[in-house]
Every structure is written in structure tokens, then in C-alpha cells.
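The next block holds one structure in the form of C-alpha cells; read it before the comments.
Residue numbering restarts at 1 for every chain, and letters A, B, ... go by the order of the sequence lines.
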Amino acid sequence: MKNRHEPLFAIGVARRLTGLTERQIRYWETQQLVVPVRTPGNHRLYSQADIDALAWAARLRRRGYRLWDILAMQREQTPAPHVRQDSDAHFRFRRPAVAGSTGAPTGSRADRPVTQDRAKLLEEIERRRAERSDERREKDRD
DNA sequence: CTTCTAACA
DNA sequence: TGTTAGTA
């Protein structure tokens, strides 16, 4: 069973530790990137694994990935190759892969087509990420 | 003072 | 997403 004395952090700490805004952290929770436990007073408490997941997602976002892509990767339990290089290999995501999940966040947008094969999924995610990065470069060159 | 939810510039 | 209101 889990460490009953595992350190937990308030959202303010999570913010300082990840550089994300509390708004983002809370929103990402609605997409179930992380599901912090709550205190009796309903305040969120983040585990180190939660912090790691948030920091991981933050990095991917900076690299141009969409939250949906990140969520899909997390569910496939397969961080992108180049992400593994600079990350400590073992992410302790507590989110189990949901059978039949499309990877699209619940209630956010119409489900996207499912790519059963993990390699193809990652390939498609990377392709779209590259496209968005290119668009951004063209757009910022004014 | 910090965090929470809900709502809207 | 930012931000703010009104709480706990």
C-alpha cells in the first residue's frame, strides 16, 4: 500500500514548484491530468507524483503539445522519446489507462478518432505538434 | 493569509 | 486563461 506519510503540498506550493498558474493546475485537474486528494476542508493536496506529472505536462506544453496530446500520452503510459531523455524515467502517474478512452478529455470537446496502435498515436501527436509549431513560427514572424 | 467555486471582462 | 467575488 501507499506511503501513508507521503509528503503532500497545497496548490500554492505546486504553483511555485511547477511554474504553472493555479488556474491551469485546477483546469488540468478537470481534465484529470492529476487528481489531488482533498483535505476535510476541500483543499487540494498534491503528492510528489502529482507535481512530477504537472511539471512534465508543463514542459510538453512549452514544446507545443496540446493538453489533449499530453493526456493521451499519459494514458498510453508512454512519454515521447525526447521527453524521456531529460526526465527521470519513472513517472508514477496514478491515473490508470481507461479502457475504451479516446484520449479526449471528458466533456471538453467531441471525441477525437482513436488510434489503437500506440506508435501511430504518438506519431500522429508529434505530426500535429510539429504543424502547430510551424504555424506559430510563421505567425510570430511579423 | 491561502484556497475554493463560480462566473465573466 | 486571467481574474475577481464571497467564502471557509
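Between Glu123(A) and Arg127(A) there is no salt bridge, since none of the side-chain N atoms of the basic residue sits less than 4.0 Å from a carboxylate O of the acidic one. Salt bridge status for Glu126(A) with Lys120(A): absent, with no side-chain N to carboxylate O gap under 4.0 Å.
To the nearest 0.5 Å, atoms CD1 (Ile51(A)) and CG (Leu17(A)) are separated by 5.0 Å. Here the CG-CD distance, from Leu71(A) to Gln32(A), works out to 9.0 Å after rounding to the nearest 0.5 Å. Taken from OG1 in Thr18(A) to CZ in Arg59(A), the straight-line distance is 13.5 Å, to the nearest 0.5 Å. Taken from OG1 in Thr21(A) to OH in Tyr27(A), the straight-line distance is 12.5 Å, to the nearest 0.5 Å.
Checked against salt bridge (Lys or Arg N to Asp or Glu O under 4.0 Å), Arg16(A) has no partners two or more places apart in sequence or in another chain. Residues passing the side chain to side chain contact (heavy atoms under 4.5 Å, CB included) test with Ile125(A) are Tyr65(A), Asp69(A), Ala72(A), Met73(A), Leu121(A), sequence neighbours excluded. Residues meeting the salt bridge (Lys or Arg N to Asp or Glu O under 4.0 Å) test with Arg26(A), sequence neighbours left out: Glu22(A). Scanning for side chain to side chain donor-acceptor pair (under 3.5 Å) contacts around Gln24(A) gives an empty result, with sequence neighbours left out.
In DNA chain B, stems built from 3 or more consecutive Watson-Crick or G-U wobble pairs, each with both distances under 3.5 Å, span B:4-8 with C:2-6.
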### Task
Indicate for each nucleotide in nucleotides 3-9 of chain B, in 5' to 3' sequence, whether protein heavy atoms under 4.0 Å reach the base (B), only the sugar-phosphate (S), or nothing (-).
BSB-B--

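On the nucleic acid side, DNA chain C contacts chain A at distances under 4.0 Å to non-hydrogen atoms, with the end points of that region at dT1(C) to dT3(C).
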